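Everything quoted here is computed from the prediction, not taken from an experiment.
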Amino acid sequence: RTLDAPENAADYGLDAPRLTVTVGTDAGSHTLLVGSVNETTGDVYIQMLDTQTVYTLESDIVDQFPTSENDLILVESLPSISLSSVTDARLQTPQGLLELHYTEPVEEDSSAASDSASDSASDSAASDSAAEETTNWTAALDGATIAVTNDQAEAVVRDVLALQYTACADYAPASLADYGLDQPLYTLTLTYTEEIASDSDSSDASESQTTEKTFTLYLGNVDDSGSVCASQEGGVQVGLVSSTAYDALLSALADLTAAG
């Protein structure tokens, strides 16, 4: 919609624009003023600098303009780690230090399987029950062993892996204390394995080697939007983690520690 020469720019929020966008070209620069939102249509009033005509524009288009330097920063990526590659989790939480360790299941040999097949029905039922209760994860809270199921342990690890940056809160901040990251509320460290292809000079270039790596993520304050300030070991940014992912992790931690 076009409004020709409106009498009062203040009626459209253009006397003090909430956003000014300047685009430079070989022919010169052009500046767009973004004003208030029409409460009925949801459209935004805009005007080119030093002109009289006011236009309306869909707010979705305006929302794509960056409004701060942080919006222009490429958000750091957190490593992509599969659940099956995680062997240990060391999670410093307000409730204490939670340690999870995964042990590979031992495969039953053929002779054991034959002996098992010849067992009585009652022994077989007991064996099945024991197998169902077997867990490959062990857990300890402040050094004291706690009972844990595979599902509970893997839920915690899975929710740690689900934490990803949704935006950049600050780049190379002068003070981590501003984000609660000088003394993080949570320090989440995962140990995992990664397959690395062998050098082409090796005798069998198709072979790969397994190396052990660690990843640490720190969680601090909750910002005004409900997102959680975070930083990764070796990173330069303070990122934001969604409240949904954060709450899911807290719920999984509460479920595991309560059961233990």
Please determine whether residues [X] and [Y] belong to a single hydrophobic cluster, defined as Ile, Leu, Val, Met, Phe, Trp and Tyr linked transitively by side-chain heavy-atom distances below 4.5 Å.
| X | Y | result |
| --- | --- | --- |
| Val54 | Leu49 | yes |
| Tyr179 | Tyr171 | no |
| Leu176 | Leu78 | no |
| Leu163 | Tyr186 | yes |
| Val238 | Leu217 | no |

Decide yes or no for [X] and [Y]: does some side-chain heavy atom of the first lie under 4.5 Å from some side-chain heavy atom of the second?
| X | Y | answer |
| --- | --- | --- |
| Leu253 | Leu91 | yes |
| Thr187 | Thr93 | no |
| Tyr165 | Leu240 | no |
| Val148 | Thr138 | no |
| Leu188 | Thr216 | no |
| Leu185 | Leu219 | no |
| Ile81 | Val86 | yes |
| Val157 | Val160 | no |

Value rounded to 0.5 Å, distance of [atom1] in [X] from [atom2] in [Y]:
| X | Y | atom1 | atom2 | answer |
| --- | --- | --- | --- | --- |
| Asp43 | Glu58 | CG | CD | 6.5 Å |
| His30 | Thr51 | NE2 | OG1 | 12.0 Å |
| Ser85 | Glu195 | OG | CD | 9.5 Å |
| Ser36 | Asp11 | OG | CG | 8.5 Å |
| Ser231 | Leu181 | OG | CG | 4.5 Å |
| Leu141 | Thr257 | CG | OG1 | 7.0 Å |

Is Gln183 atom CD crowded by more than 12 heavy atoms from other residues, nucleotides or ligands, each under 6.0 Å away?
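No - once you tally the heavy atoms of other residues, nucleotides and ligands closer than 6.0 Å, there are 12 at most.
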Taking OH in Tyr55 as the centre, count heavy atoms belonging to other residues, nucleotides or ligands within less than 6.0 Å. Is the count above 12?
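12 or below, so no.
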Within the side chain of [X], is there an N or O that forms a donor-acceptor pair under 3.5 Å with the backbone of [Y]?
| X | Y | result |
| --- | --- | --- |
| Asp223 | Ser227 | yes |
| Ser251 | Asp247 | no |
| Asp142 | Leu97 | yes |
| Arg90 | Glu99 | no |
| Glu154 | Arg158 | no |
| Thr87 | Thr191 | yes |

Check [X] against [Y] and note the closest heavy-atom contact, atom names and distance.
| X | Y | result |
| --- | --- | --- |
| Thr22 | Ser29 | CG2-CB, 4.1 Å |
| Val241 | Ala230 | CG2-CB, 3.8 Å |
| Asp159 | Ala248 | OD2-O, 3.1 Å |
| Val75 | Cys168 | CG2-N, 3.8 Å |
| Ala162 | Ala245 | O-CB, 4.3 Å |
| Pro105 | Asn136 | CB-ND2, 3.6 Å |

Can you tell me if [X] and [Y] form a side-chain donor-acceptor pair at under 3.5 Å?
| X | Y | result |
| --- | --- | --- |
| Glu76 | Gln232 | yes |
| Tyr102 | Asp88 | no |
| Thr210 | Thr193 | no |

Evaluate the side chain to side chain contact (heavy atoms under 4.5 Å, CB included) criterion for residues Ile146 and Leu98: first the C-alpha distance (whole Å), next the side-chain angles of each, then the deciding distance (0.1 Å), finally the verdict.
CA-CA 10 Å; Ile146 59 176; Leu98 175 65; 4.1 Å; yes
In this structure, which one of Thr103, Val156, Leu100, Leu256 forms a side chain to side chain contact (heavy atoms under 4.5 Å, CB included) with Trp137?
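Testing each of Thr103, Val156, Leu100, Leu256 against Trp137, the sole residue satisfying side chain to side chain contact (heavy atoms under 4.5 Å, CB included) is Leu100.
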Evaluate the side chain to side chain contact (heavy atoms under 4.5 Å, CB included) criterion for residues Thr20 and Val34: first the C-alpha distance (whole Å), next the side-chain angles of each, then the deciding distance (0.1 Å), finally the verdict.
CA-CA 6 Å; Thr20 300; Val34 179; over 6 Å; no
Checking side chain to side chain contact (heavy atoms under 4.5 Å, CB included) for the pair Met48/Leu32: CA distance, chi angles, key distance, verdict?
CA-CA 5 Å; Met48 298 301 296; Leu32 177 70; 3.8 Å; yes
Please list, chain by chain and in numerical order, all residues satisfying side chain to side chain contact (heavy atoms under 4.5 Å, CB included) with Val222, sequence neighbours excluded.
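If we apply the side chain to side chain contact (heavy atoms under 4.5 Å, CB included) test to Val222, skipping adjacent residues, the hits are Val228.
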Intermediate values then yes/no, side chain to side chain contact (heavy atoms under 4.5 Å, CB included), Ile46 and Leu33:
CA-CA 6 Å; Ile46 62 172; Leu33 308 178; over 6 Å; no
